[in-house]
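What follows is one structure encoded as structure tokens, with my remarks underneath.
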Protein chains: 2
Amino acid sequence: MVAVRRIRDAEESRRRVWGAAAAAFASRGYDGAKVDEIAADAGINKAMLYYHFADKVTLYRAILQDMFAAVALATTQVRTNGGTPEQQLRGYVGALIRAAEERPHFPAIWLREIADDGRHIDEGIFAAMRSVLANLTGILTDGVQAGVWRQVDPFLVQAGVAAPVMLVLATRRVRQRAGIGTPDGSVDALIDHVTTMTLATLTLTGRSPA
Amino acid sequence: MVAVRRIRDAEESRRRVWGAAAAAFASRGYDGAKVDEIAADAGINKAMLYYHFADKVTLYRAILQDMFAAVALATTQVRTNGGTPEQQLRGYVGALIRAAEERPHFPAIWLREIADDGRHIDEGIFAAMRSVLANLTGILTDGVQAGVWRQVDPFLVQAGVAAPVMLVLATRRVRQRAGIGTPDGSVDALIDHVTTMTLATLTLTGRSPA
DNA sequence: GTCTATAAATAGATAGAC
DNA sequence: GTCTATCTATTTATAGAC
């Protein structure tokens, strides 16, 4: 009984540390995030944080792994569900955006990890990333074989999808401060733009971009 | 004579600090970059660094300002040179990529500053950013008025251009480590893809992306 | 202009009591 | 499981000699 309560509290502590850490890593980066602050934001002591997580980098990697695993899972489901290439591509974009919306700190951490040249990425995370790209590659190949799309480097397509999504989602606050226009700042407009852009690129017929 | 030599050495020192700092901020971020390391990489002492630059954040802001000012200048020249909307758009993409290639640390610092929610951006830097977007907006408006393009939110277009460019340029090393394919990793392929993507999006006629 | 030495504050991590 | 107190190393920044 008491033991159960303790375990439940422990789970709760872990969750709060997780949330506080994700926020800190997103807004200040790995080096900028301070363990003291994370613990304080989580409402516990720093020693308690070290009770739950081996060290700072382990905590960071766990968050990173969760993010990429979520995208890997969601995009794999899109493949499993099947449908036309266009339907699957829309599903792919949707899965990416949904994963980012469910994890508000995803975009910033993603951008930072790229700038960090993948310094904290271990093999498990790389595997998830490769899985995401493999799913996209499968969708693109389907489209080519169905004769509706031309052949395009999957990584460039991924860059064309993920990078704008992450940029737009990560810059919501700063754009206001900068006085940089967002006539329609909705996520729907973002989905629409990215999807349109990608489909238009893939369905280009013949016309070489000279 | 001696004074002149000293001034020249000072300039040289400043330049070396600049280069070492840009590299450090790009690869480790603002908090991750250490002043001692920057000074050492520049071949001078830390005290000397503080002789040339007031403090860490001033040094960082100077680098940031230079980057955005360069893009602002280059894109303004594209507007001045004129030409068809398509020619100007190609010039815009080229200007962006050239600025990034001339400053190898631009992409990573750009990505980080976004994740940082513009924490280090002062009004001068914001002005440069707005100027870049204003130039793109001008090009897009020209195209709409000429009847060759449809109307699209300029910021979304900017996101569709800059984000993939920065992502691809910043991930060259890590992609190799990750085993993520780059069938054609050339900058030309990148320019081609981004330009094709953008033009295809803008020239879409009628077809609503339902 | 350049350096050595050091101040002053902060950081990640642990010991040990409860 | 949770906390206080603390160790050790690092970090930004400056003082002051040359």
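Chain naming here is simple, since letters A, B, ... match the order of the sequence lines and numbering starts at 1 in each.
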Could you check how far [atom1] of [X] sits from [atom2] of [N], rounded to whole Å?
| X | N | atom1 | atom2 | value |
| --- | --- | --- | --- | --- |
| A:K56 | D:dT10 | NZ | P | 15 Å |
| A:L49 | C:dG12 | CG | C1' | 11 Å |
| B:Y51 | D:dG16 | OH | P | 18 Å |
| A:I44 | D:dG1 | CD1 | C1' | 10 Å |
| A:N45 | C:dA17 | CG | C1' | 13 Å |
| A:D31 | D:dT10 | CG | P | 14 Å |
| A:H52 | C:dA13 | NE2 | P | 16 Å |
| A:E37 | C:dA11 | CD | C1' | 11 Å |

| said: Tell me whether the side-chain N or O atoms of A:K34 pair up with the base of C:dG12 as donor and acceptor below 3.5 Å, since no angle test is needed here. | reply: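 No.
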| said: Over all strands shown, is A:A33 touching base, sugar-phosphate only, or nothing at heavy-atom distances under 4.0 angstrom? | reply: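 The answer is sugar-phosphate, as A:A33 gets under 4.0 Å only of primed atoms, P, OP1 or OP2.
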| said: Base, sugar-phosphate or nothing for B:D55? Non-hydrogen atoms, less than 4.0 Å. | reply: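 Since only primed, P, OP1 and OP2 atoms lie under 4.0 Å of B:D55, the category is sugar-phosphate.
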| For the side chain of B:A47, counting heavy atoms from C-beta on, which of D:dG1, C:dA15, C:dT4 is nearest? |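 Closest of the options to the side chain of B:A47: C:dT4.
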| message | Taking the minimum atom-to-atom distance to the side chain of B:M48, which one of D:dT14, C:dG12, C:dC3 wins? | response |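 Nucleotide nearest to B:M48's side chain: C:dC3.
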| Taking the six-membered ring of B:F53 as reference, does the NZ or CZ atom of B:R14 fall below 6.0 Å from its centre and within a 45° cone about the axis? |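 Relative to the ring axis of B:F53, which defines the angle, B:R14 lies inside both limits.
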| Nearest heavy atoms of A:Y50 and A:D55, plus distance in Å |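 In this case the closest contact between A:Y50 and A:D55 is CE2-CA, 3.9 Å.
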| task | Working to the nearest 0.5 Å, report the span between CG of A:L96 and OG1 of A:T75. | result |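 A:L96 atom CG to A:T75 atom OG1 measures 8.5 Å (nearest 0.5 Å).
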